[in-house]
Undergrad: 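Input: one structure, supplied below.
Whatever order the structure lists them in is the order used to number ligands and atoms, beginning at 1.
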Amino acid sequence: MKRIHFKVLSFLFLILIISASCNRKIAADKTVTGFDPAYEPKIDSILAMLTLEEKIHMIHGNGMFSSAGVSRLNIPDLKYTDGPTGIREELERYSWNPLGITTDSVTFFPTGTALGATWNTDLAYDFGIAIGSEANSRGKHILLAPGVNIIRTPVCGRNFEYYSEDPFLSSAIAVEQVKGIQEQHVAACVKHYAANNQEYKRSEINVLMDERTLREIYLPSFRAAVVDAEAYSVMGSYNKFRGHWLCENEYMLNTILKNEWGFKGAVVSDWGGTHSAVKAAKAGLDVEMGGYLEKHHFIGLGDSVKAGLISESVIDSMVKRILRITYNCHLMDTGRVTRMANTPEISRIAYNVASESVVLLKNDNNLLPLNLSELNSLAVIGSNAVKRQSEGGFTADVKARYEISPLEGIIKKAGDRIKIDYQQGYAEKFITVDTGGRWPMHYPDPRPDLLLIDNAVAAAKNADAVLLFAGTNRFVETEAMDRKTLDFPFGQDELIKAVCAANPKTIIIVVAGSACNLNIADSCSPAILYSWFNGSEGGNAIADIIFGNVNPSGKLPFTIPVKLEDIPAHALNAYPGKNNSVEYKEGILVGYRWFDTKQVDPLYCFGHGLSYTQFSYSDAGSNKKTYSSGEQAKLKISLSNEGKTPGKETVQVYVQKINSSVPRADKELKAFKKIWLQPGEKQTVQITLDIDDLAYFDNELNTWVTEPGEYTILFASSSEDIRAQSKITIK
Ligand code: BGC
């Protein structure tokens, strides 16, 4: 007995040591993650040794997910991998078919909007470290992530891969995630550059918007990733911008990305997103990717050089940028770190992101958290309680080593203490529709399954409380397709009405990547949690929140409207466009900027998220009253935890220009900070505000202008819940 005891203890001790050393290991070398100038002479000298043929081989795919090196000079092939939610399984070299091996299962990470909802830049960095480690462990050099596009409409099928409707939040998260990824000697490939905000007709659509909108809303997250985190690569998107495909768009690639922002890395095309050779290369595309080798435009660039259609110096510049990735990922020296996948530390990071991402939308009479000692039985209802959300979504599909479903998480926490009855509640059926595109679309069947509803109602009647897992899934929200409606698919609203009527203690947990129509849920249920496609640890995280082991601290990274028509792009009939062209008529008024300015009430506003405790704000101020352009204001606010539970609050700083000389949004997010406080604790929170972040882009002058005058600084718990304010002046 003693021996067994000893064995168990030594095993636990070993696990502790392993996880502690993993901990140290993946975070140890916090070095500069940008381009190292010391490599430049080496890159120049190896470039001079390459033949034109070798250079041409290097600038296009030589397999679905690789581009060539030069073995004669020990330059390795570059290996690419999707994607933002985990390292994709190995595929056949020349097709999208899985290789079918057993050693490529990985961690499924919470998706982009989940990370956005944490409002935690430290976690974004950890996430980058973790996913970068897994890419490294699989021998990958370029991770096709993160996705930093702005959520313009909630129906966009890929919103779950992106962070937010707000450029400041998106930028802050992107910077830290890119740094984390590249610290693992893996290049981040920031995608999809740019103005790729709908999946519907993504390969045909021409996006039009004015310069101010481009600069203030759609470019900042890319700029931040490139300028502040020195991302090694950027992916050119499928769509057109102002009449030119992104992968041959001189203005977007050469003028802005490379010349203005000083991007030193490589622009990689989205898969099959290249439409020309000479035009694309001259415009700034560096690598053509996509699996269809014989169709690669860049294969012919050697002949174009010989025919005098393009200078070899353009090809040299492309290769030089590729070599920068090769060198900076330490593929030409012995400095590359070696990482492992599926470590306890990586699981811990996946858990931390998941548990900080869940948003408590509503909690009437403090129904949550559930007190296990007051319960004998629970009904868990809805297919999303058991569904594997790692699967689906097309190129963001993940072969998860494990995925704890919500039901498994709940059983682990409570299964030995109370009776748990699971009922499916709705059937996931799809209707195939030929929309005239490249392939037929599979839209969810909106009809409820009455038998499943009857079974759910019976279980709800017999339970002390109900956990109803509603929402979408990775086949409803997916690449290459936009949703047609915000309504819950598969007739779930009928289920919600029936179950709430059967048991008033019905808590709804929405599992989705983007906003849904919550009107029915909101009118029937006293408590709603917004969870996400939340990774391998998602089930553990949601169970901990439901039972109060974790205090929810997620805040919405987008607005949940009352109806789709309230979303600016839809209100102005500016989605999905006509004749393959879409004009962003709402301009800078995206997301809450529109709702605030036009005084449209959302159902749940941007930045909203409750806690099991209450925070109070007081004593707003700043280190000075007057600032000049280029300075930083040190803002101050006292925050205290007034309740009995420890918790985290995100202090959101919105700024309003008083008497602006140009039209502006009512207010804009310009800073935030997430703070942990014990019950009764009070802290003076210091938040840095870059004065130049208050500038607007002047279309006429074609430059940023920091307007002098008075500004109101709003300290807020959400975009609608302003708790304190102060004023500053810019000279
Ligand atoms: C997607 C990219 C992805 C690429 C490779 C494309 O269809 O748009 O995000 O990285 O495929 O799988």
Side-chain angles (χ1 to χ4, degrees), residues 60-67 78-99 104 106 109 111-112 131 135 138 140-151 156-163 174 177-178 181 186-205 207 221-222 225 231-240 245-247 266-275 285 287-293 295-296 391-399 437-439 441 474 477-482 513:
H60 62 82
N62 68 349
M64 203 57 154
F65 285 94
S66 63
S67 59
L78 287 177
K79 306 280 181 204
Y80 304 65
T81 180
D82 283 306
T85 66
I87 308 310
R88 193 169 179 185
E89 71 184 310
E90 295 298 328
L91 304 182
E92 289 174 1
R93 182 157 186 166
Y94 298 110
S95 85
W96 294 101
N97 297 334
L99 206 53
D104 56 352
V106 288
F109 291 95
T111 54
I131 195 168
R138 288 262 301 279
K140 307 299 180 192
H141 311 125
I142 302 186
L143 175 62
L144 305 172
V148 305
N149 295 81
I150 290 295
I151 296 180
C156 171
R158 288 187 101 165
N159 285 344
F160 71 91
E161 294 186 57
Y162 307 142
Y163 305 129
Q177 207 181 4
V178 167
I181 292 167
V186 168
C189 186
V190 184
K191 66 190 190 184
H192 304 88
Y193 183 76
N196 178 197
N197 311 96
Q198 65 189 58
E199 287 300 288
Y200 179 75
K201 294 210 165 193
R202 64 177 177 173
S203 302
E204 289 105 49
I205 200 84
V207 178
S221 50
F222 289 99
Y232 294 164
S233 61
V234 166
M235 184 187 289
S237 55
Y238 284 129
N239 51 299
K240 286 182 184 172
W245 302 107
L246 254 301
C247 289
V267 179
V268 177
S269 77
D270 202 339
W271 268 231
T274 310
H275 295 264
L285 181 69
V287 188
E288 176 181 4
M289 289 303 289
Y292 316 106
L293 283 188
K295 290 193 187 152
H296 278 161
E391 292 163 8
F394 217 166
T395 63
D397 180 279
V398 173
K399 185 167 158 188
R438 272 200 258 174
W439 44 68
M441 297 292 163
R474 300 283 304 285
E477 290 187 66
T478 175
E479 180 178 341
M481 194 182 96
D482 287 349

Undergrad: What I want to check is whether the side chains of Arg202 and His192 have a donor and an acceptor closer together than 3.5 Å.
TA: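 On atom types as modelled, these side chains do not qualify, holding no pair under 3.5 Å.
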
Undergrad: Measure up the Phe394 and Trp96 rings against each other and bin them: parallel (under 30°), tilted (30 to 60°), perpendicular (over 60°).
TA: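 Aromatic pair Phe394/Trp96 classed tilted.
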
Undergrad: Taking any residue with a non-hydrogen atom under 4.0 angstrom from an atom of ligand 1, which ones do you get?
TA: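 If the criterion is a heavy atom under 4.0 Å, then ligand 1 touches Phe65, Asp82, Arg88, Trp96, Leu144, Arg158, Lys191, His192, Arg202, Met235, Tyr238, Asp270, Trp271, Thr395, Glu479.
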
Undergrad: Between Arg93 and Asn62, which heavy-atom pair has the shortest distance, and what is it?
TA: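 Minimum heavy-atom contact is NH2-O, 2.8 Å.
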
Undergrad: Evaluate the salt bridge (charged side-chain N to carboxylate O under 4.0 Å, His left out) criterion for residues Lys399 and Asp104: first the C-alpha distance (whole Å), next the side-chain angles of each, then the deciding distance (0.1 Å), finally the verdict.
TA: CA-CA 7 Å; Lys399 185 167 158 188; Asp104 56 352; 2.6 Å; yes

Undergrad: Side-chain contact, heavy-atom cut-off 4.5 Å: Leu144 with Phe65?
TA: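 They are in side-chain contact.
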
Undergrad: Of all heavy-atom pairs between Leu285 and Val267, which one has the smallest distance, and what is that distance?
TA: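 Answer, listing the atom of Leu285 first, then Val267: CD1-O, 3.6 Å.
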
